[in-house]
Amino acid sequence: MPAYDPQNIFARILRGEIPNDTVLETAHTLVFRDIHPQAPVHLLVIPKGPYVSYDDFAANASDAEIVDFHRAVARVTRDLGIDLDQGQGFRAITNAGAHGVQEVPHFHLHILGGRVMGRMVQPA
């Protein structure tokens with residue numbers, strides 16, 4: 001596992017050094033709009049703790065952090081009407097490492113909704 005870089009853009013957003021369009025902030029999680037949206041709804045969900053990837057978060061975060069993160073996802077999808085009770089659903093994506101094309105070394109989950117997303121991965 002690569003070491004966490006405290007100068008990554010999401011760490012800087014969490015410290016208030018870079019502004020963001022916050023949708024929800026909880027004790028352990030920040031949800032904000034992506035600055036380069038790929039769908040009508042494109043959010044980034046990040047834990048406030050220093051986790052590099054999903055596997056790092058799942059293995060090392062506290063139970064409270066994990067529950068808070070997932071409840072934040074449920075809340076924003078409901079609040080924005082893209083959950084299955086009100087809407088047509090959404091896609092949740094996380095990237096890890098070079099093969100996952102992870103651009104920021106801070107665990108983050110993309111939530112995309114508001115249109116059909118198409119195939120997830122093109123056939124080889």
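- In this structure, the side chain of T29 does not engage the main chain of T26 through any donor-acceptor pair within 3.5 Å.
- Looking only at side-chain heavy atoms (C-beta outward), I46 and L14 come within less than 4.5 Å of each other.
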In sequence, state the C-alpha distance, the side-chain angles, and the governing distance for V104 and N95, and then conclude on side chain to side chain contact (heavy atoms under 4.5 Å, CB included). CA-CA 9 Å; V104 179; N95 306 310; over 6 Å; no
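- Side-chain contact check for Q86 versus R78: some heavy-atom pair is nearer than 4.5 Å.
- Counting non-hydrogen atoms of neighbouring residues, nucleotides and ligands closer than 6.0 angstrom, the CD atom of Q7 exceeds 12 such neighbours.
- Taking both residues in full, the closest heavy atoms of V52 and D56 are given as N-OD2, 2.8 Å, listed atom of the first, atom of the second, then distance.
- Across all non-hydrogen atoms, the minimal contact from M117 to A39 is CE-CB, 3.8 Å.
- Here the closest heavy-atom approach between residue P37 and residue H42 is recorded as CA-ND1, 3.5 Å.
- Atom CZ of residue F107 and atom CZ of residue F10 lie 11.0 Å apart, to the nearest 0.5 angstrom.
- A donor-acceptor pair under 3.5 Å is formed between the side chain of Q38 and the backbone N or O of H36.
- Between the side chain of R15 and the main chain of P6, a donor-acceptor pair closer than 3.5 Å is present.
- With a 6.0 Å radius and a threshold of 12 heavy atoms from other residues, nucleotides or ligands, R115 has its CZ atom above the threshold.
- Taking CZ of F90 as the reference point, atom CG of L112 lies at 10.5 Å (rounded to 0.5 Å).
- Rounded to the nearest 0.5 Å, atoms CG (L44) and CZ (R33) are 11.5 Å apart.
- A side-chain donor from one of E65 and S62 sits under 3.5 Å from a side-chain acceptor of the other.
- Applying the side-chain contact (heavy atoms from CB on, under 4.5 Å) criterion to V76, with sequence neighbours excluded, gives V23, L24, V31, L43, I111.
- Residue D21 qualifies as enclosed at atom CG: its count of foreign heavy atoms under 6.0 Å is above 12.
- Annotation for R91: atom CZ counts as buried by contact number, over 12 foreign heavy atoms lying within 6.0 Å.
- What you find for P47 and F57 is that their closest heavy atoms are CB-CE1, 3.7 Å.
- Remark: L109 CG to Y54 OH distance equals 9.0 Å, nearest 0.5 Å.
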Verdict with reasoning, H106 to Y4, per side chain to side chain donor-acceptor pair (under 3.5 Å): CA-CA 7 Å; H106 184 111; Y4 182 80; 2.6 Å; yes
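- When atom types are taken as modelled, the side chain of T94 and the backbone of H108 share a donor-acceptor pair closer than 3.5 angstrom.
- Hydrophobic clustering, with ILVMFWY side chains joined whenever heavy atoms are under 4.5 angstrom apart, keeps F32 apart from V73.
- Under the 4.5 Å side-chain criterion, counting only non-hydrogen atoms from C-beta, P105 is in contact with N8.
- D68 contributes no side-chain N or O that, together with a main-chain N or O of A64, makes up a donor-acceptor pair within less than 3.5 Å.
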